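Computed from a predicted model, the values in this text were never measured in an experiment. All heavy atoms count here, side chains included; hydrogens, waters and symmetry mates do not.
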Amino acid sequence: MARRSARPRQRASAAVPATPAVPADCPCGLSALYEACCGRYHAGAGAAPTAEALMRSRYSAFVMGEAGYLLRTWHPRTRPERLELDPGTRWTGLEILSVSDGSAFHPTGTVEFRASYRGGSLHERSRFERVDGAWAYVDGDFPE
């Protein structure tokens with residue numbers, strides 16, 4: 001049996017916020033690497049080309065704690081002044097239920113989805129509009 005050397009214990013600092021580790025697979029559910037999928041939009045290397053792509057990237061932003069991206073992609077007419085994400089929420093999956101319009105040829109689009117988290121799920125029908133050529137989240141309702 002090998003002897004272990006005594007090492008001082010390191011304490012976690014309460015002042016340092018926990019940031020999610022960058023996943024290999026994109027949280028949005030597509031079979032792509034995060035950095036080649038939603039990560040590129042979060043990094044500012046382009047804009048989502050469709051309302052569905054924006055919806056997926058916004059879900060991934062919730063998973064990754066990217067509040068700045070969520071605010072940047074929110075329609076100016078409905079955008080809150082600030083956004084505080086709950087670090088205790090653990091998102092576990094995204095299911096796209098339906099998509100209406102929202103392509104490169106539409107000014108508006110709707111995406112209905114179910115986002116699961118540990119302990120429940122959120123079912124929303126989100127509305128999107130183009131603002132200066134880029135898709136933006138306007139608002140949503142919660143169908144029963």
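The backbone N or O of R77 sits less than 3.5 Å from a side-chain atom of H75, completing a donor-acceptor pair. For the pair T78 (side chain) and V138 (backbone), a donor-acceptor distance under 3.5 Å is present. No donor-acceptor pair closer than 3.5 Å links the side chain of R118 to the backbone N or O of R90. Formation of a donor-acceptor pair under 3.5 Å by the H42 side chain with backbone atoms of S57 is found in this model. The closest donor-acceptor contact from the side chain of R40 to the backbone of A36 lies under 3.5 Å. Checking side-chain atoms of R79 against main-chain N and O of L71 turns up a donor-acceptor pair under 3.5 Å. Side chain of Y59 to main chain of G93: a donor-acceptor pair is present (N/O by atom type, distance under 3.5 Å, no hydrogens or angles).
For the atom pair CG of D25 and SG of C37, the computed distance is 10.0 Å after rounding to the nearest 0.5 Å. Note: I96 CD1 to F113 CZ = 7.5 Å, rounded to the nearest 0.5 Å. One finds the CD atom of E124 at 8.0 Å from the CG atom of D139 (value rounded to the nearest 0.5 Å). Between the CE atom in M55 and the OG1 atom in T110 there is a gap of 12.5 Å [rounded to 0.5 Å]. How far CZ of R130 is from CG of L54: 10.5 Å, rounded to the nearest 0.5 Å.
Taken together through direct or relayed side-chain contacts under 4.5 Å among Ile, Leu, Val, Met, Phe, Trp and Tyr, L70 and V131 form parts of separate hydrophobic clusters. W91 and M64 fall within the same hydrophobic cluster, defined by Ile, Leu, Val, Met, Phe, Trp and Tyr side-chain heavy atoms under 4.5 Å apart, directly or through other members. Cluster annotation: Y41 and V99 are assigned to the same hydrophobic cluster (Ile/Leu/Val/Met/Phe/Trp/Tyr, side-chain heavy-atom contacts under 4.5 Å, transitive). L85 and L94 fall within the same hydrophobic cluster, defined by Ile, Leu, Val, Met, Phe, Trp and Tyr side-chain heavy atoms under 4.5 Å apart, directly or through other members.
Shortest non-hydrogen contact noted between R56 and C28 is NH1-O, 2.7 Å.
A salt bridge does not link R127 to E129: none of the charged side-chain nitrogens sits closer than 4.0 Å to a carboxylate oxygen.
No side-chain N or O of Y34 forms a donor-acceptor pair with one of S60 less than 3.5 Å apart. No side-chain N or O of T50 forms a donor-acceptor pair with one of E52 less than 3.5 Å apart.
Partners of R125 by salt bridge (Lys or Arg N to Asp or Glu O under 4.0 Å), not counting sequence neighbours, listed by chain and number: E112, D141.
Atom CG of D86 has more than 12 neighbouring heavy atoms from other residues, nucleotides or ligands inside a 6.0 Å radius.
Evaluation of the ring-ring contact (aromatic ring centres under 6.0 Å, His included) test over residues 124-144, restricted to residues two or more places apart or in two chains, returns W74-Y137, F128-Y137.
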